[in-house]
Structure formats: structure tokens, C-alpha cells
Amino acid sequence: MEAVEVLDCRGQRCPLPVIRLARRLPEVPVGTVLRVLADDPAAGNDIPAWCRMRSQEFVGPTTVGDTPAYDVRRTT
């Protein structure tokens with residue numbers, strides 16, 4: 001079972017969810033999935049784009065209750 005950590009960015013607007021992701025991801029071990037809870041519609045585009053630019057794995061979108069979430073696996 002892979003490790004999953006949660007980063008709660010609900011109520012934050014672009015670009016804050018991506019900024020918080022960028023700051024938090026280096027703090028988790030390689031291979032860990034960071035689940036970003038983000039209700040800003042822009043996060044659905046911004047987080048996968050950030051992953052491509054930073055060579056991190058965008059695992060995919062999901063939901064936690066009614067909240068959109070985005071799973072990112074640290075690769076480096």
C-alpha cells in the first residue's frame with residue numbers, strides 16, 4: 001500500500017493550491033502520493049500542468065466527499 005498524505009487547499013484560489021503543492025512535495029518521501037484537496041476549478045488544469053513541468057507523476061483526479069482532489073506522486 002502506497003503512502004498517501006493530504007494537503008487541504010479548500011477555499012484557496014489560484015495560484016495558492018499549486019504553490020502549496022510545490023512547497024509540500026519536497027517534504028514527503030519519494031514514492032509518496034500527496035492528495036491535494038482543492039475546490040478551485042483552476043486546480044484541475046493547474047496541478048497536472050505543474051506535474052508535467054516539474055517531472056512529478058500526476059496520478060489523477062479523485063474526490064473526497066464532495067471535494068475535488070488531485071493525487072500527485074513524488075518521483076524525485
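Starting from 1, each residue takes its place in the sequence as its number.
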- [ ] Grab the two heavy atoms, one from Y70 and one from A38, that are nearest each other, plus how far apart they are.
- [x] CE1-O, 3.8 Å
Task: A22 versus P26, closest heavy-atom pair with distance - done: O-CD, 3.1 Å
TODO: Answer yes or no: is there a donor N or O on one side and an acceptor on the other, between the side chain of T63 and the main chain of A69, under 3.5 Å?
DONE: no
Open item on the list: For Q56, is there any backbone N or O sitting under 3.5 Å from a side-chain donor or acceptor partner on R74?
Closed with: no
Task: Value rounded to 0.5 Å, distance of OG1 in T67 from CG in D39 - done: 6.5 Å
- [ ] Find the distance between CG (D66) and CZ (R10) and round it off to the nearest 0.5 Å.
- [x]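 Between atom CG of D66 and atom CZ of R10 there are 10.5 Å.
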TODO: Report the C-alpha distance between D46 and C14 in whole Å, list the side-chain angles of each, state the deciding distance to 0.1 Å, and finish with yes or no for side-chain contact (heavy atoms from CB on, under 4.5 Å).
DONE: CA-CA 8 Å; D46 293 349; C14 180; 3.2 Å; yes
Open item on the list: Please evaluate residues C51 and V72 with respect to the criterion side-chain contact (heavy atoms from CB on, under 4.5 Å), reporting the C-alpha separation (whole Å), side-chain torsions for both, the decisive distance (0.1 Å), and the verdict.
Closed with: CA-CA 8 Å; C51 290; V72 176; 3.6 Å; yes
Task: Side-chain heavy-atom pair L37, L7 within 4.5 angstrom cut-off - done: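 The answer is no; the side chains never approach within 4.5 Å.
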- [ ] Compare all side-chain heavy atoms of I19 with those of P17 and state whether any distance is below 4.5 angstrom.
- [x] no
Task: Partners passing salt bridge (Lys or Arg N to Asp or Glu O under 4.0 Å) against R35 (at least two apart in sequence or in another chain) - done: D71
Open item on the list: Run F58 and I47 through side-chain contact (heavy atoms from CB on, under 4.5 Å) and show every step you take.
Closed with: CA-CA 8 Å; F58 179 65; I47 291 174; 4.1 Å; yes
Task: T32 and E5: side chain donor to acceptor below 3.5 Å - done: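 Short answer, no.
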- [ ] Could you list all the salt bridge (Lys or Arg N to Asp or Glu O under 4.0 Å) pairs where at least one residue sits in residues 49-58, not counting sequence neighbours?
- [x] E57-R73
